[in-house]
Participant: 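Take a look at this one; I'll ask things after.
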Amino acid sequence: MAPAVPTTMDRPHFIGIGGAGMSGIAKILAQRGAAVAGSDAKESATAGALRELGATVHIGHAAGHLAEDASCVVVSSAIRADNPELAAAAERGIPVVHRSDALARLMDGLRPIAVAGTHGKTTTTSMLAVSLDALGLDPSYAIGGDLHGPGSNARHGGGEIFVAEADESDRSFHKYAPEVAIILNVELDHHANYASMDEIYESFETFVGRIRPGGTLVVSADQAGARELTARVSGRHDIEIVTYGEAEDADVRVLKVTPRGLASEVTVLLNGRMLTFAVSVPGRHYALNAVAALAAGVALGIPAHNLASALGKYTGVKRRLQLKGEANGVQVIDSYAHHPTEMTADLEAIRGAAAGSRVLVVFQPHLFSRTQELGTEMGQALALADASVVLDIYPAREDPIPGITSALIIDAAEKAGAGVRAEHDMAAVPDVVAGMARPGDLVLTMGAGDVTDLGPKILARLEN
């Protein structure tokens, strides 16, 4: 079993402790008994949840926040070299640990399942965490989103399984050594770190190479990039490769996905037997995520029928087609989709559940580099909506790129026949949407930035 707290991590200081990945690691360490401290740019519910676990959370970044007895400083790739707390750590000789190394240490002595892919990681990791817990296996987990509320993105469990979201964006998933790895899809993204598909394939091949001998790779049989990756790693004979999907040659074959409103039912052929189970979120892509989770659990020796039943306990994760509420006959749903493939999948899922109702989208592009490379495809995806409002680009960790604005997306959307308008003032969006919406409509707030904050404001305006 895992040690209570890894050596040198008994008094960690997290820079950016409120982030999805960072807060999860901080939470697990706090639950294991470490004296956790850290800082974040602004106050949040996540910061409050960490304080409830005994962590010290400072707001703002300053050298004085770094305690004299800090045993290490944990950072993510988003932390800049000129951060005053990072500079103070260097001056004082305090070890600096990347988030991925810290997470890898937390998996020591356990049976890790690492979930990778360009899309769907958070949902699939969450499905596994919820279903394994429902079966009484008490897993530990670290997820890139909250299951039910602030702080529910991670937990230290008493069981032997650790489920982790494996981030390819900065190659940090090379640090893990899973017993079971899931690869949902392989596409070009994270353009600041990858220049070509060849680099993406090389990175995923390195990840596959980290699977423990005797372990299992669960990989999509449907997605072109995943199939290419499977061909590239098929020479590794010390692991089992299990493919899943609707393709006729899939080892775990999806025979049917039946929409059930904002849910679905999936039937699979597994080891020669048919199995049907419920998935409590809409869309074919979420059904396929559930099948990937099923295959991974079976690889660990969990009976398929038990796991299939437990997967029905999953009710969603924040920001993944999360119903925020309804006002005057208009439902408002929040979507984290920010890559064209994700946008298309979520819009198709909502279209399938809408039963003829109109679908309106408020989209906030995420990152200048992603917009530069994929802006045209984003605009084309918005053509699946009846009308869209496009906000300014959410920069996150990036500096602006000259000439790269939301206009790239709007132009592409208009060329694809979409009804779309620009809105530069987020405060005006609730009024704009209230002027567009009518009873029966579905409104999606879509993107990885602070567009998520608009859902309650839109509902309040619709109420009035």
Side-chain angles (χ1 to χ4, degrees), residues 1-15 17 19-38 50 53-55 70-77 94-116 121 124-126 128-129 132-133 137-144 153-168 170-183 203 206-218 238-240 296-297 299-302:
M1 297 301 294
V5 178
T7 308
T8 75
M9 295 181 67
D10 56 339
R11 299 181 310 282
H13 179 93
F14 289 76
I15 304 177
I17 196 170
M22 295 282 274
S23 63
I25 297 167
K27 181 178 181 182
I28 292 172
L29 281 169
Q31 290 173 332
R32 289 189 182 184
V36 174
L50 285 164
L53 289 172
S71 59
C72 69
V73 169
V74 184
V75 299
S76 71
S77 299
I94 298 173
V96 176
V97 179
H98 190 272
R99 175 184 64 83
S100 57
D101 289 302
L103 181 55
R105 296 293 303 280
L106 293 179
M107 298 183 203
D108 286 348
L110 298 174
R111 302 181 70 191
I113 303 176
V115 183
K121 293 185 292 292
T124 308
T125 309
S126 302
L128 274 164
L132 295 174
D133 189 53
L137 297 174
D138 197 17
S140 297
Y141 58 81
I143 306 170
N153 58 328
R155 187 186 72 179
H156 169 57
E160 62 179 358
I161 299 173
F162 194 119
V163 187
E165 186 169 331
D167 184 13
E168 83 285 356
D170 56 0
R171 297 178 172 83
S172 60
F173 66 161
H174 297 170
K175 305 291 180 64
Y176 313 137
E179 180 175 336
V180 177
I182 298 175
I183 296 180
S203 187
T206 299
F207 173 63
V208 172
R210 296 282 297 164
I211 298 172
R212 297 174 183 176
T216 304
L217 169 64
V218 175
D238 61 340
I239 62 172
E240 183 179 6
L300 283 182
I302 300 168

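Values reported hereafter were calculated over all heavy atoms of this structure, with side chains retained and with hydrogens, waters and symmetry mates removed. Since this is a predicted model, take the numbers as computed values, not measurements.
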Participant: State whether the side chain of Ser76 and the backbone N or O of Arg99 hold a donor-acceptor pair below 3.5 Å, judged by distance alone.
Facilitator: no
Participant: Where the side chain of Gln31 meets the backbone of His156, is there a donor-acceptor pair that is under 3.5 Å apart?
Facilitator: yes
Participant: Give a yes or no answer on whether the side chain of Ser140 reaches the backbone of Phe162 with a donor-acceptor pair at less than 3.5 Å.
Facilitator: no
Participant: In plain terms, say whether Arg212 and Asp238 are close enough for a salt bridge, that is, a side-chain N and a carboxylate O under 4.0 Å apart.
Facilitator: no
Participant: For a 4.5 angstrom cut-off between non-hydrogen side-chain atoms, does Pro95 reach Thr8?
Facilitator: no
Participant: Please determine whether side-chain contact (heavy atoms from CB on, under 4.5 Å) holds for the pair Phe14 and Val73, giving the CA-CA distance in whole Å, both sets of side-chain angles, and the decisive distance to 0.1 Å.
Facilitator: CA-CA 6 Å; Phe14 289 76; Val73 169; over 6 Å; no
Participant: Any side-chain to backbone donor/acceptor pair from Asp10 onto Ala34? Under 3.5 Å, distance only.
Facilitator: no
Participant: Quick one: CG on Leu53 to NZ on Lys27, what's the gap to the nearest 0.5 Å?
Facilitator: 6.0 Å
Participant: Distance from Leu132 atom CG to Ile113 atom CD1, nearest 0.5 Å?
Facilitator: 5.5 Å
Participant: What residues, two or more places apart in sequence or in another chain, satisfy ring-ring contact (aromatic ring centres under 6.0 Å, His included) together with Phe207?
Facilitator: Phe173
Participant: Is it the case that the side chain of Arg210 and the backbone of Tyr176 share a donor-acceptor pair, with hydrogens and angles ignored and the cut-off at 3.5 Å?
Facilitator: yes
Participant: Can you see which heavy atom on Ala102 is nearest to which on Val97, and at what distance?
Facilitator: N-CG1, 3.8 Å
Participant: Could you state the interatomic distance from CE (Met22) to CG (Leu50), rounded to the nearest 0.5 Å?
Facilitator: 11.0 Å
Participant: Could you grab the distance from atom CG of Leu300 to atom OG1 of Thr216, nearest 0.5 Å is fine?
Facilitator: 7.5 Å
Participant: Looking only at non-hydrogen atoms, find the nearest pair between Asp138 and Asp133 and report the distance.
Facilitator: CA-OD1, 4.2 Å
Participant: I'd like to know whether Val115 forms a side-chain contact (heavy atoms from CB on, under 4.5 Å) with Glu165, so could you lay out the CA-CA distance, the side-chain angles of the two residues, the decisive distance to 0.1 Å, and finally the verdict.
Facilitator: CA-CA 5 Å; Val115 183; Glu165 186 169 331; 5.6 Å; no
Participant: Under the side-chain contact (heavy atoms from CB on, under 4.5 Å) rule, what do Ile183 and Val218 come out as? Steps first, then yes or no, please.
Facilitator: CA-CA 6 Å; Ile183 296 180; Val218 175; over 6 Å; no
Participant: Taking atom CG of Leu137 and atom CD1 of Ile302, what is their separation to the nearest 0.5 Å?
Facilitator: 5.0 Å
Participant: As a quick check of understanding, evaluate side-chain contact (heavy atoms from CB on, under 4.5 Å) for His13 and Val36, giving each step before the final call.
Facilitator: CA-CA 6 Å; His13 179 93; Val36 174; over 6 Å; no
Participant: How close do Ala164 and Leu103 get, heavy atom to heavy atom, and via which atoms?
Facilitator: CB-CD2, 4.3 Å
Participant: Measuring from Arg111:CZ to Ile161:CD1, what's the distance to the nearest 0.5 Å?
Facilitator: 6.0 Å
Participant: Is there a side-chain contact between Ile28 and Arg155, using heavy atoms and a 4.5 Å cut-off?
Facilitator: no
Participant: Side-chain contact, heavy-atom cut-off 4.5 Å: Val208 with Ile239?
Facilitator: yes
Participant: Could you check whether any side-chain N or O of Ser203 sits under 3.5 Å from a backbone N or O of Arg171, counting only pairs where one atom can act as donor and the other as acceptor?
Facilitator: no
Participant: How far apart are the closest heavy atoms of Asn153 and Ser23, and which atoms are they?
Facilitator: ND2-OG, 2.9 Å
Participant: Does a donor on one side chain and an acceptor on the other come within less than 3.5 Å for His98 and Ser77?
Facilitator: yes
Participant: Closest approach of Leu128 and Gly297, non-hydrogen atoms and distance?
Facilitator: CD2-N, 4.5 Å
Participant: Is it true that Asp167 and Lys175 have a side-chain N and a carboxylate O under 4.0 angstrom from each other?
Facilitator: no
Participant: Measure across Glu179 and Ile211 and return the closest heavy-atom pair with its distance rounded to 0.1 Å.
Facilitator: O-CG2, 4.0 Å
Participant: For residues Val96 and Cys72, determine if any side-chain heavy atom of one lies less than 4.5 Å from a side-chain heavy atom of the other.
Facilitator: no
